Protein chains: 2
Amino acid sequence: MRIGELAERAGVSVRSLRYYEEQGLLTSTRSASGQRHYTDYEVERVTFIQRLYAAGLSSRTITELLPCVDSPSEEHSDAALERMGQERDRLTAHIADLAQTRDALDGLMTSARAYRDQLQAATSP
Amino acid sequence: MRIGELAERAGVSVRSLRYYEEQGLLTSTRSASGQRHYTDYEVERVTFIQRLYAAGLSSRTITELLPCVDSPSEEHSDAALERMGQERDRLTAHIADLAQTRDALDGLMTSARAYRDQLQAATSP
DNA sequence: CTTGCCTCTGACGTCAATGTCAGGTTTTAG
DNA sequence: CTAAAACCTGACATTGACGTCAGAGGCAAG
């Protein structure tokens, strides 16, 4: 498939796909005229890249980790493994932090709602 | 306290505090010479602002929600309540997404580690 | 008084992922 | 064949939360 179709199927912009290639996150075969061509496999790959981006990883970090994703059965450096561990731990901490923030929001909403309902009960008897 | 102390106690840069004020997230009393002064209360406030930033809220959104934080006992617009609900839901979804990503990383690490150990067992009998 | 540190305003720099535009080539549909 | 749509490269623009620097003033200690 060409770049437009991949973009639509993966739900990203064409521009982003070219950027990913520029960053070494994505490769493409080129037709004689120079157009990029992709296989179905790339759809998953792009969505996984997006997932890592959403998790706060940088292009550089993703570049370091993607080889492990491509061929999890080959030998990879312990450094890469350690890096994945670091990111996993960072994610865990971040998730806990977000959950705490969400709970804080919940608390605020609950008290605000209670106050509003109390007001309403007092003014419309 | 002055801005430097607040920055240190809240763990942010002086620059950030001035930026928060510029965005309407933080207020300060000014001495005759124009220096900003803060109370202990501002420490909590700044850390909470940081928390919201970390949760992906923008300055604009935080500006809309902070009045509810300041005085949860007063009446606030239903719009603000709805906004908080939206952000809460967005956070919930984001947390789930991150957890999924973390699990994916875990899976990759596990298989990579297993492969490595298998290799090692084969080469050092 | 002066030395050193803190603060002020204002403005420009940064970074990363993308948007956007220009000018040209390729592919597809009719 | 021709027009529309998709693609190419290359470059500049954008956004948000800051960093950083310049030039000037404030404030406690020796």
Side-chain angles (χ1 to χ4, degrees), chain A residues 1-39 42-43 45-66 83 87 90 94 97-98 101, chain B residues 1-39 42-43 45-66 87 90-91 94 97-98 101:
Chain A
M1 86 192 76
R2 291 190 299 168
I3 198 171
E5 187 179 345
L6 175 58
E8 190 171 3
R9 285 175 54 178
V12 305
S13 71
V14 167
R15 176 68 174 90
S16 294
L17 294 180
R18 288 199 268 251
Y19 176 74
Y20 296 166
E21 181 167 328
E22 191 183 318
Q23 297 300 308
L25 306 180
L26 194 61
T27 53
S28 58
T29 58
R30 298 296 188 109
S31 72
S33 62
Q35 298 205 342
R36 294 169 177 85
H37 284 267
Y38 303 95
T39 66
E42 256 77 34
V43 179
R45 186 182 179 90
V46 170
T47 56
F48 190 66
I49 291 173
Q50 283 277 309
R51 181 174 286 287
L52 293 181
Y53 270 126
L57 307 210
S58 69
S59 288
R60 225 178 87 72
T61 305
I62 298 178
T63 307
E64 290 174 30
L65 299 188
L66 273 185
R83 188 52 164 282
E87 295 299 334
R90 197 185 53 75
H94 190 48
D97 196 62
L98 291 186
T101 302
Chain B
M1 84 191 80
R2 292 191 298 171
I3 199 172
E5 189 180 343
L6 176 58
E8 191 172 2
R9 285 175 54 179
V12 305
S13 70
V14 167
R15 177 66 175 93
S16 295
L17 294 180
R18 288 200 268 252
Y19 177 74
Y20 297 164
E21 181 168 325
E22 190 183 318
Q23 298 299 309
L25 306 179
L26 194 60
T27 53
S28 58
T29 58
R30 298 295 189 110
S31 71
S33 62
Q35 299 203 343
R36 294 170 177 84
H37 285 267
Y38 303 95
T39 67
E42 256 76 34
V43 178
R45 186 183 179 89
V46 170
T47 56
F48 191 66
I49 290 173
Q50 283 277 308
R51 181 174 285 289
L52 292 180
Y53 270 125
L57 307 210
S58 69
S59 288
R60 225 177 86 72
T61 305
I62 298 178
T63 307
E64 289 174 31
L65 299 188
L66 274 185
E87 295 299 334
R90 198 186 52 75
L91 263 182
H94 190 49
D97 196 63
L98 291 185
T101 303

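Predicted, not measured: the structure shown is a model, and the values here were computed from it. Numbered from 1 within each chain, the chains take letters A, B, ... in sequence-line order.
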inquiry  = As a test of reading the structure: which of C/dC8, C/dA17, D/dC18 is closest to the side chain of B/R30, going by heavy atoms?
reply    = C/dC8
note = The nucleotide from D/dC8, D/dC18, C/dT18 with an atom nearest the side chain of A/S16 is C/dT18
request  = Classify the side-chain pair A/Y53/A/S59 by whether it contains a donor and acceptor separated by less than 3.5 Å.
outcome  = yes
How would you label the contact of [X] with the nucleic acid (heavy atoms, under 4.0 Å): base, sugar-phosphate, or nothing?
X     : result
A/R60 : nothing
A/E22 : nothing
B/S31 : nothing

In whole Å, what is the span from the [atom1] atom of [X] to the [atom2] atom of [N]?
X     : N      : atom1 : atom2 : answer
A/L25 : C/dA16 : CG    : P     : 13 Å
A/Q35 : C/dT28 : CD    : C1'   : 11 Å
B/I62 : D/dA17 : CD1   : C1'   : 11 Å
B/L26 : D/dA17 : CG    : C1'   : 15 Å
A/I49 : C/dA16 : CD1   : C1'   : 15 Å
A/L6  : D/dA6  : CG    : C1'   : 14 Å
B/I3  : D/dC27 : CD1   : C1'   : 17 Å
A/H37 : C/dT27 : NE2   : C1'   : 10 Å

Taking OP1 and OP2 of [N], is either one under 4.0 Å from a side-chain nitrogen or oxygen of [X]?
X     : N      : result
A/Q23 : C/dT18 : no
B/S33 : D/dC27 : yes
B/Y19 : D/dA17 : yes
B/R36 : C/dT9  : yes
B/S58 : D/dG16 : no
B/Y20 : D/dC18 : yes

ask   = DNA chain C: A/L57 or B/V14, which has the more 5' nearest nucleotide?
value = B/V14
Looking at every heavy atom in both [X] and [Y], which two are closest together, and how far apart are they?
X     : Y     : answer
B/G24 : B/T63 : O-CG2, 4.4 Å
A/L25 : A/I49 : O-CD1, 3.6 Å
A/L98 : B/A55 : CD2-CA, 3.5 Å

inquiry  = As a test of understanding, state which of A/E21, A/R2, A/Q35 forms a side chain to side chain donor-acceptor pair (under 3.5 Å) with A/S28.
reply    = A/E21
request  = Would you state whether a donor and an acceptor, one from the side chain of B/R18 and one from the base of C/dT9, lie under 3.5 Å apart?
outcome  = no
query = Can a donor-acceptor pair under 3.5 Å be found between the side-chain atoms of A/R2 and the base atoms of C/dT27?
reply = no
ask   = Where each residue is assigned the nucleotide of DNA chain D containing its nearest heavy atom, which of A/R15 and A/Y38 is assigned the position nearer the 5′ end?
value = A/Y38
task = Say whether, by atom type as modelled, one donor and one acceptor occur between the side chain of A/E42 and the main chain of A/T39 under 3.5 angstrom.
result = yes
